[in-house]
Amino acid sequence: MREQDLTETERKIPDHVAVIMDGNGRWAKKHGLPRTEGHRVGAGRVREIVEKCLELGVKYFTIYAFSKENWKRPGKEVSGIMKLSEVFFNREFNRLKSKGVYFVHLGDTENLPPFIIKIIKNMERNNAVERKLYLNIAFNYSGRSELTNAVKQLCTLVRQDEIKVSDITEDKIESFLFTHGMPDPDLLIRTGGEMRVSNFLLWQIAYTEIWVTDVLWPDFSAEVFLGAISDYRRRERRFGGV
Ligand code: FPP
């Protein structure tokens, strides 16, 4: 049965939830703390929400941890995020792996510091066998860059006569995205109150339900997450139909 044919009660937990974790800087300012402290508390929330996803049976959880545009931030903040990410990966990878969390990096390794590239490669090599939950971490990610890259790869295949222009379908394009083979997000949560998508998963969110909260990411508790899920369950998804 297609998802659009399910009734409201049959539609249960979203398979794929994506999150734009915004508001760490404002949270830190509100508490008179350096911005990096907001990111540190925010990283702790990732752990809590991943646990909730496992409990609920969400299959894919995608977080926007660092965009290509974030390089424009002050050097001290960027290096703070890199350091925090290193701590997060070192502390959480094995623990989450043992619970069936399969790690996926969305983004380019180019320009990332060598210690982060090393951690990403190591996690990819030693990934979980059981895949209860895919944890997609968008890190050095940009939706436009992902699409540009897909176009380049398709053009190369056409030029090499491996495919014809008429072979370029939506599925073909999808196969060149970092999320290839995964379902599109059912629900996109943005914390921090801004009403924009910030170059996140541009192709994948075509029919995604969007849920925005004023809650700042470091305050985003499991309870707030459950509120987003229950709102989602009341939404009527029509996928362009009636
Ligand atoms: C947006 O808040 C947040 C980020 C750009 C960084 C998010 C990074 C983490 C939570 C670190 C954890 C990393 C991993 C790998 C789990 P903002 O600084 O734009 O907030 P503002 O809009 O209030 O300034």
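Residue numbers count from 1 along this sequence. Atoms within a ligand are numbered from 1 in the order they appear, just like the ligands themselves. All figures in this text were calculated on a predicted structure; none of them were measured in a lab.
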Chi angles and distances behind the side-chain contact (heavy atoms from CB on, under 4.5 Å) call for Asp186, Val17: CA-CA 6 Å; Asp186 299 295; Val17 179; over 6 Å; no

Between the side chains of Gln204 and His16, is a donor N or O closer than 3.5 angstrom to an acceptor N or O? no

contact_flag Gly192 ligand 1 heavy-atom lt 4.0 Å: no

Taking only heavy atoms of Asn70 into account, list the atoms of ligand 1 that are under 4.0 Å away from them. 5 (C)

Below the 3.5 angstrom mark, is there an N/O of Arg26, backbone or side chain, next to an N/O of ligand 1? yes

Taking the basic N atoms (NZ, or NE/NH1/NH2) and the acidic carboxylate oxygens, is any pair closer than 4.0 Å for Lys118 and Glu86? no

So does Phe115 have more than 12 non-hydrogen atoms from other groups sitting under 6.0 Å from CZ? yes

Do me a favour and list the nearest non-hydrogen protein atom to atom 7 (C) of ligand 1 with residue, atom name and distance? Ala65 O, 3.4 Å

Just which atoms of ligand 1 are under 4.0 Å from any heavy atom in Ala43? 10 (C), 12 (C)

Ligand 1 and Trp217, any nitrogen or oxygen pair closer than 3.5 angstrom? no

Identify the closest protein heavy atom to atom 13 (C) of ligand 1: which residue and atom is it, and at what distance? Ser85 OG, 3.6 Å

Just to confirm my output: which protein heavy-atom neighbour is closest to atom 19 (O) of ligand 1, and how far is it? Arg73 NH2, 2.7 Å

Side chain, backbone, both or neither: the part of Asn24 lying under 4.0 Å from ligand 1 by heavy atom: both

Going by atom types alone, do Asp184 and Trp203 pair a side-chain donor with an acceptor below 3.5 Å? no

Test of understanding: given a 4.0 Å heavy-atom threshold, classify the contact between Met82 and ligand 1 as side chain, backbone, both, or neither. neither

Please could you name the atoms of ligand 1 that Met21 approaches to less than 4.0 Å, counting only its heavy atoms? 1 (C), 2 (O), 3 (C), 10 (C)

Neighbour count >12 (heavy atoms, 6.0 Å) for atom CD, Glu110: no

Any nitrogen or oxygen of Val46, main chain or side chain, under 3.5 Å from a nitrogen or oxygen of ligand 1? no

Starting from atom 11 (C) of ligand 1, which protein heavy atom do you reach first, and at what distance in Å? His39 O, 4.0 Å

Donor on one side chain, acceptor on other, Arg131 and Tyr60, under 3.5 Å: no

Check: Trp27/Asp219 side-chain N/O donor and acceptor closer than 3.5 Å: yes

N or O contact, Tyr64 vs ligand 1, cut-off under 3.5 Å: no

Using a distance-only test with no angle check, is there a side-chain donor-acceptor pair under 3.5 angstrom linking Asn199 and Glu69? yes

Does atom CZ of Arg95 have more than 12 heavy-atom neighbours from other groups under 6.0 Å away? yes

What's the verdict on side-chain contact (heavy atoms from CB on, under 4.5 Å) for Arg190 and Trp211, showing C-alpha distance, side-chain angles and the deciding distance? CA-CA 6 Å; Arg190 180 166 188 143; Trp211 192 86; over 6 Å; no

Pick whichever of Gly38, Gly25, Gly44, Ser198 has a heavy atom sitting closest to atom 21 (P) of ligand 1. Gly25

Which atoms of ligand 1 sit under 4.0 Å from any heavy atom of Arg35? 17 (P), 18 (O), 24 (O)

Can you name the atoms of ligand 1, numbered from 1 with element, that are less than 4.0 Å from a heavy atom of Phe89? 15 (C)

Does any N or O atom in Asp22 lie less than 3.5 angstrom from one in ligand 1, N or O only? yes

